[in-house]
Amino acid sequence: MSSGNRAPQELLKVAMPKGRIYKQASRLFREAGLLIQDDLEDTRKLIIEVPDAGMEFIMAKPVDVPTYVEYGVADIGVVGKDVLMEENKDVYELLDLGIAPCRMSVIGLPDWKPVMNPRVATKYPNVASQYFRERGQQVEVIKLNGSIELAPLIGLADRIVDMVETGQTLRDNGLVEMEPMFGVTSRLIANRVSYRMKNERIQSLCDRLQVTLSARV
Ligand SMILES: Nc1ncnc2c1ncn2[C@@H]1O[C@H](COP(=O)(O)OP(=O)(O)OP(=O)(O)O)[C@@H](O)[C@H]1O
Ligand SMILES: O=P(O)(O)OC[C@H]1O[C@H](OP(=O)(O)OP(=O)(O)O)[C@H](O)[C@@H]1O
């Protein structure tokens, strides 16, 4: 069959996180040669065709990216390792994109003293519970959804587990990083079925991103 008769290729569905990661992810994709319009951040549209890159972006809340990919409504997605660990979904982790770097840490007030069964506030209850369990420390984990640094300041928790990037939020609130837990960057993930059915396209994207990342260092 001549290429003129070929059916147009189905768009690769990409769960893209709105917010912090988006700008860095789209810059990386562009560097890898994908033609992505640069005005996408200005729109309120949630499903955006990026035909020149053969993609469709599903603009997702970051925490929901692994869910979209696990259910196969997105073939691939970009997500922070923090969210990937917390959500623990059944997806393939294909590539460390090295973008949106930060770290997960245990944080507290400088005069913090150990207490029995301390309360730990966090957006990441699974990650925090596992961390303290592995160290044989019994804690009560309290799930919050934002402004986690408030918790020790207002007496809700003894410590928090949260992200640190520049350290500005800690400094502004008189808190200290007690234990860095692990480094976080964004990852490219894939749905297990899509990875098999669209292997050539997904693998070729990975290869292009890999080459771009190697050239960055
Ligand atoms: N300073 C930072 N604070 C939090 N996450 C950061 C930071 N720097 C990089 N990241 C990475 O960016 C990802 C997305 O963060 P972002 O703040 O956009 O999402 P969010 O926390 O879900 O925000 P929102 O609740 O406003 O949607 C995080 O999962 C993490 O991997
Ligand atoms: O070390 P820094 O550069 O200060 O970054 C870390 C802060 O950024 C994030 O909060 P975010 O701005 O996402 O607000 P939130 O607490 O409401 O989630 C994170 O939860 C920390 O509070």
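It should be emphasised that the depicted structure is a prediction, and the values quoted were computed from it without experimental measurement. Just follow the structure's listing: the first ligand is 1, and inside any ligand the first atom is 1.
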Going through the checks in order, is the salt bridge (charged side-chain N to carboxylate O under 4.0 Å, His left out) test met by Lys18 and Glu41? CA-CA 8 Å; Lys18 295 187 283 188; Glu41 264 184 305; over 6 Å; no

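- Pro62 CG, 3.6 Å is the protein heavy atom nearest to atom 22 (O) of ligand 1.
- Nearest non-hydrogen protein atom to atom 12 (O) of ligand 1 is Ile21 CG1, 3.6 Å.
- Side-chain N/O atoms of Asn126 and Gln130 include no donor and acceptor closer than 3.5 Å.
- For ligand 1, the polar-atom distance check finds an N/O of Glu165 within less than 3.5 Å of one of the ligand's N/O atoms.
- Counting only heavy atoms, the protein never gets under 4.0 Å from atom 14 (O) of ligand 2.
- Considering Leu144, Asp162, Asn173, Leu175 only, the shortest heavy-atom separation from atom 20 (O) of ligand 2 involves Asp162.
- Between Tyr92 and Asn191 the shortest heavy-atom distance is CD1-O, 4.4 Å.
- Ligand 2 has no nitrogen or oxygen under 3.5 angstrom from a nitrogen or oxygen of Val164.
- Side-chain atoms of Val120 and Asp158, non-hydrogen and from C-beta on, never get closer than 4.5 Å to each other.
- Remark: ligand 1 atoms within the under-4.0 Å shell around heavy atoms of Val83 are 29 (O).
- Here the heavy atom of the protein found nearest to atom 7 (C) of ligand 2 is Thr169 OG1, 3.5 Å.
- For the pair Gln138/Met116, no side-chain contact is recorded, criterion being any heavy-atom separation below 4.5 Å from C-beta on.
- With hydrogens left out, the protein atom closest to atom 10 (N) of ligand 1 is Cys102 SG, 3.5 Å, a heavy atom.
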Are Arg192 and Glu70 close enough, and set up right, to give a salt bridge (charged side-chain N to carboxylate O under 4.0 Å, His left out), and what steps lead you there? CA-CA 8 Å; Arg192 290 185 183 276; Glu70 182 184 51; over 6 Å; no

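- With atom 30 (C) of ligand 1 as the reference point, the heavy atom nearest to it among Asp82, Ile148, Asp64, Asn145 is part of Asp82.
- In the vicinity of Lys61, heavy-atom distances shorter than 4.0 Å reach the ligand 1 atoms 24 (P), 25 (O), 27 (O).
- Glu165 has no carboxylate O lying under 4.0 Å from a charged side-chain N of Arg103, or vice versa, which leaves the two without a salt bridge.
- Which parts of ligand 1 touch Gly80 is read off a 4.0 Å heavy-atom cut-off, strictly below it: atoms 31 (O).
- Atom 16 (O) of ligand 2 has its closest protein heavy atom at Ser147 N, 2.9 Å.
- The shortest contact between atom 3 (O) of ligand 2 and any protein heavy atom is with Thr166 OG1, 2.5 Å.
- Applying the 4.0 Å criterion to heavy atoms of Gly19 picks out, from ligand 1, the atoms 18 (O).
- For Gln24 (side chain) and Ile99 (main-chain N/O), no donor-acceptor pair under 3.5 Å exists by modelled atom type.
- Atoms of ligand 2 found under 4.0 Å from any heavy atom of Met163 (numbered from 1 in listed order, with element): 6 (C), 19 (C), 21 (C).
- Using a 4.0 Å cut-off between a side-chain N of Lys or Arg and a carboxylate O of Asp or Glu, Asp162 and Lys123 do not qualify as a salt bridge.
- Between the choices Gln168, Lys18, Arg20, the shortest heavy-atom distance to atom 6 (C) of ligand 1 belongs to Arg20.
- At a 3.5 angstrom cut-off on N or O pairs, Glu149 counts as close to ligand 2.
- Within the 4.5 Å cutoff, the side chain of Leu84 has heavy atoms near those of the Val91 side chain.
- When non-hydrogen atoms are compared, ligand 1 lies under 4.0 Å from neither the backbone nor the side chain of Lys81.
- Within the 4.0 Å heavy-atom criterion, the part of Met163 lying near ligand 1 is the side chain and not the backbone.
- Of the protein's non-hydrogen atoms, Arg20 NH2, 3.4 Å is the one closest to atom 8 (O) of ligand 2.
- In this structure, a donor-acceptor pair under 3.5 Å is present between the side chains of Thr185 and Arg187.
- Using 4.0 Å as the threshold, Val63 has no heavy atom nearer than that to any atom of ligand 1.
- Shown in contact with Val184 at under 4.0 Å from a heavy atom are these atoms of ligand 1, numbered in order with element: 31 (O).
- Side-chain N/O atoms of Glu149 and Thr169 include no donor and acceptor closer than 3.5 Å.
- Salt bridge absent: Lys13 and Asp75 never bring a charged side-chain N and a carboxylate O closer than 4.0 Å.
- Between Lys123 and ligand 1, at least one N/O pair is under 3.5 Å apart.
- Proximity of a side-chain donor or acceptor of Thr43 to a complementary backbone N or O of Leu40 within less than 3.5 Å is not detected.
- Here is the list of ligand 2 atoms found below 4.0 Å of a heavy atom in Lys123: 18 (O).
- Shown are Arg159, Glu177, Glu179; of these, the side-chain hydrogen bond (donor to acceptor under 3.5 Å, both in side chains) with Ser105 is made only by Glu177.
- Within 4.0 Å of atom 27 (O) of ligand 1, at least one protein heavy atom is present.
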